[in-house]
K.L.:
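Have a look at the structure that comes next, please.
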Amino acid sequence: MINNNLKFCREELEMTQKELGNIFGVSFKTVAGWENGHDTIPLSKLVKFCNLYKFSVDYVTGLSKNNKYVELDKLDRVKIGNKLKKIRESLGLTQEKIASECMISQATYSGYENGKFLITTLNLYTICYNHKLSMLSLIHI
């Protein structure tokens, strides 16, 4: 579960869950689920939120206590996958080990590294949290 600051950031903007939901085209209940940890905000929506309101992705996800905003480009699943592979290899870990940490199959994780799928926010957070990494460093191109 992501220890997120989404609610804090939204409230700092004096925005309601309904208003934020309207921006993302989702219901206020969906936003509530993201804020209370019952669901995870999709990575593309997290990046959009951070860019719109100048929040650091690491700050919103609770990976950092400092809001050092960096504008994020469009998410490139191939480039992100390449970074995931390099980081995994530098840590001396197998795909099976990372997949196990994320509670996903090795095939799914392989799909992330190969750029077949964009990694989910939760899996990216898990990797970053477990290995003291910045989410920004993995998704910023």
K.L.:
Taking the side chain as C-beta and beyond, is there a heavy-atom pair between Lys54 and Glu71 under 4.5 Å?
P.N.:
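The answer is no; the side chains never approach within 4.5 Å.
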K.L.:
With a 6.0 Å cut-off (strictly less than), is the heavy-atom count around NZ of Lys83, excluding the residue itself, greater than 12?
P.N.:
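Correct, the count exceeds 12.
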K.L.:
Please report the interatomic distance CD1(Ile87) to CG(Asn82), rounded to the nearest 0.5 Å.
P.N.:
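CG of Asn82 is found 12.0 Å from CD1 of Ile87.
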K.L.:
Any side-chain heavy atom of Val60 within less than 4.5 Å of one from Cys50?
P.N.:
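Answer yes - side chains close enough.
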K.L.:
Checking Lys116 now: which residues fulfil side chain to side chain contact (heavy atoms under 4.5 Å, CB included) with it, not counting sequence neighbours?
P.N.:
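Once residues adjacent in sequence are excluded, Lys116 has no partner under the side chain to side chain contact (heavy atoms under 4.5 Å, CB included) criterion.
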K.L.:
Under the side chain to side chain donor-acceptor pair (under 3.5 Å) rule, collect the residues that match up with Ser44, sequence neighbours excluded.
P.N.:
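Testing Ser44 for side chain to side chain donor-acceptor pair (under 3.5 Å), a comparison that skips the adjacent residues, returns none.
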K.L.:
Atom OH of Tyr59 and atom NZ of Lys68: how far apart are they, to the nearest 0.5 Å?
P.N.:
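The NZ atom of Lys68 is 13.0 Å from OH of Tyr59, to the nearest 0.5 Å.
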K.L.:
If you compare all heavy atoms of Asn66 against all heavy atoms of Ser64, which two are closest, and at what distance to 0.1 Å?
P.N.:
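Heavy-atom minimum between the residues: N-OG, 3.0 Å.
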K.L.:
Would you please indicate if the ring centroids of Phe49 and Phe55 are separated by under 6.0 Å?
P.N.:
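So the answer is yes for these two rings.
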K.L.:
Give a yes or no answer on whether the side chain of Asn51 reaches the backbone of Leu72 with a donor-acceptor pair at less than 3.5 Å.
P.N.:
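The answer is yes, because a donor-acceptor pair under 3.5 Å joins these two groups.
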K.L.:
For the hydrophobic clusters of this structure (ILVMFWY residues joined by side-chain heavy atoms under 4.5 Å, transitively), does one cluster hold both Leu133 and Val70?
P.N.:
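Yes, it is one cluster - the side chains of Leu133 and Val70 are joined through contacts under 4.5 Å.
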K.L.:
Name all residues meeting the side chain to side chain donor-acceptor pair (under 3.5 Å) criterion together with Asn22; count only those two or more places apart in sequence or in a different chain, and write none if there are none.
P.N.:
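For Asn22 there are no side chain to side chain donor-acceptor pair (under 3.5 Å) partners, ignoring immediate neighbours.
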K.L.:
Taking Asn5 for its side chain and Phe8 for its backbone only, find out whether a donor-acceptor pair lies under 3.5 Å.
P.N.:
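Answer holds: no.
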K.L.:
Any side-chain heavy atom of Asn130 sitting closer than 4.5 Å to one from Thr126?
P.N.:
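Contact flag for Asn130/Thr126 side chains = yes.
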K.L.:
Decide yes or no for Thr40 and Tyr125: does some side-chain heavy atom of the first lie under 4.5 Å from some side-chain heavy atom of the second?
P.N.:
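Side-chain contact under 4.5 Å: no.
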K.L.:
Could you tell me whether the side chain of His131 reaches within less than 4.5 Å of the side chain of Leu93, counting heavy atoms only?
P.N.:
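Answer yes - side chains close enough.
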K.L.:
Could you tell me whether the side chain of Thr121 and the main chain of Leu43 form a donor-acceptor pair under 3.5 Å?
P.N.:
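Checking the backbone N and O of Leu43 against the side chain of Thr121, a donor-acceptor pair under 3.5 Å is found.
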K.L.:
Should Phe28 and Ile41 be counted in the same cluster of Ile, Leu, Val, Met, Phe, Trp and Tyr side chains packed under 4.5 Å apart?
P.N.:
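Hydrophobic grouping puts Phe28 apart from Ile41.
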K.L.:
List the steps and the verdict of side-chain contact (heavy atoms from CB on, under 4.5 Å) for Phe24 and Lys48.
P.N.:
CA-CA 9 Å; Phe24 290 126; Lys48 180 178 178 180; 3.7 Å; yes
K.L.:
Where the side chain of Asp39 meets the backbone of Gly33, is there a donor-acceptor pair that is under 3.5 Å apart?
P.N.:
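A pair under 3.5 Å: no.
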K.L.:
Verify the neighbour count for atom OH of Tyr69: are there more than 12 heavy atoms of other residues, nucleotides or ligands below 6.0 Å?
P.N.:
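Yes - once you tally the heavy atoms of other residues, nucleotides and ligands closer than 6.0 Å, there are more than 12.
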K.L.:
From Asn67 CG over to Cys9 SG, what is the distance, rounded to the nearest 0.5 angstrom?
P.N.:
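Here the rounded value is 6.5 Å.
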K.L.:
Going by side chain to side chain donor-acceptor pair (under 3.5 Å), name the residues that satisfy it together with Gln106, two or more places apart in sequence or in a different chain.
P.N.:
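Testing Gln106 for side chain to side chain donor-acceptor pair (under 3.5 Å), a comparison that skips the adjacent residues, returns Gln95.
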K.L.:
Just checking, any donor-acceptor pair under 3.5 angstrom between side chains of Asn123 and Tyr109?
P.N.:
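No pair is found: no donor N or O on one side chain lies under 3.5 Å from an acceptor on the other.
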K.L.:
When rounded to the nearest 0.5 angstrom, what distance separates CE in Met135 from CD1 in Ile139?
P.N.:
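With rounding to 0.5 Å, CE (Met135) is 6.5 Å from CD1 (Ile139).
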K.L.:
Quick check: does any side chain N or O of Glu113 sit under 3.5 Å from a backbone N or O of Ser110, one acting as donor and the other as acceptor?
P.N.:
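No: the side chain of Glu113 does not pair with the backbone of Ser110.
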K.L.:
Should Leu20 and Leu13 be counted in the same cluster of Ile, Leu, Val, Met, Phe, Trp and Tyr side chains packed under 4.5 Å apart?
P.N.:
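Result: yes, single cluster for both.
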K.L.:
So, taking the atom named CZ in Arg88 and the one named CD1 in Ile127, what distance separates them when rounded to the nearest 0.5 Å?
P.N.:
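These two atoms lie 10.0 Å from each other.
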K.L.:
Counting distance only, does the side-chain N/O of Thr30 pair as donor-acceptor with the main-chain N or O of Val26 below 3.5 Å?
P.N.:
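No: the side chain of Thr30 does not pair with the backbone of Val26.
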K.L.:
Restricting to side chain to side chain contact (heavy atoms under 4.5 Å, CB included), what partner residues turn up for Glu14, sequence neighbours left out?
P.N.:
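For Glu14, no residue satisfies side chain to side chain contact (heavy atoms under 4.5 Å, CB included) once neighbours in sequence are set aside.
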K.L.:
If we only count heavy atoms from C-beta on, is the Cys128 to Leu138 side-chain gap below 4.5 Å?
P.N.:
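In short, these two side chains touch, coming nearer than 4.5 Å.
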K.L.:
What residues, two or more places apart in sequence or in another chain, satisfy side chain to side chain donor-acceptor pair (under 3.5 Å) together with Gln17?
P.N.:
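Here the qualifying residues are Glu35.
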K.L.:
Do the side chain of Asp58 and the main chain of Ser134 share a donor and acceptor less than 3.5 angstrom apart?
P.N.:
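It does not hold such a pair.
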K.L.:
Are Tyr112 and Met103 connected in the hydrophobic side-chain network, where two residues link if heavy atoms are under 4.5 Å apart?
P.N.:
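No, because Tyr112 and Met103 fall into different hydrophobic clusters, even though each may have its own neighbours under 4.5 Å.
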K.L.:
Given side chains that start at C-beta, do those of Leu84 and Ile98 come closer than 4.5 Å, heavy atoms only?
P.N.:
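The answer is no; the side chains never approach within 4.5 Å.
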K.L.:
Kindly compute the distance separating CH2 (Trp34) from CG (Leu46), expressed to the nearest 0.5 Å.
P.N.:
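CG of Leu46 is found 9.5 Å from CH2 of Trp34.
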K.L.:
If we only count heavy atoms from C-beta on, is the Tyr53 to Met15 side-chain gap below 4.5 Å?
P.N.:
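They are in contact (side-chain heavy atoms under 4.5 Å apart), so the answer is yes.
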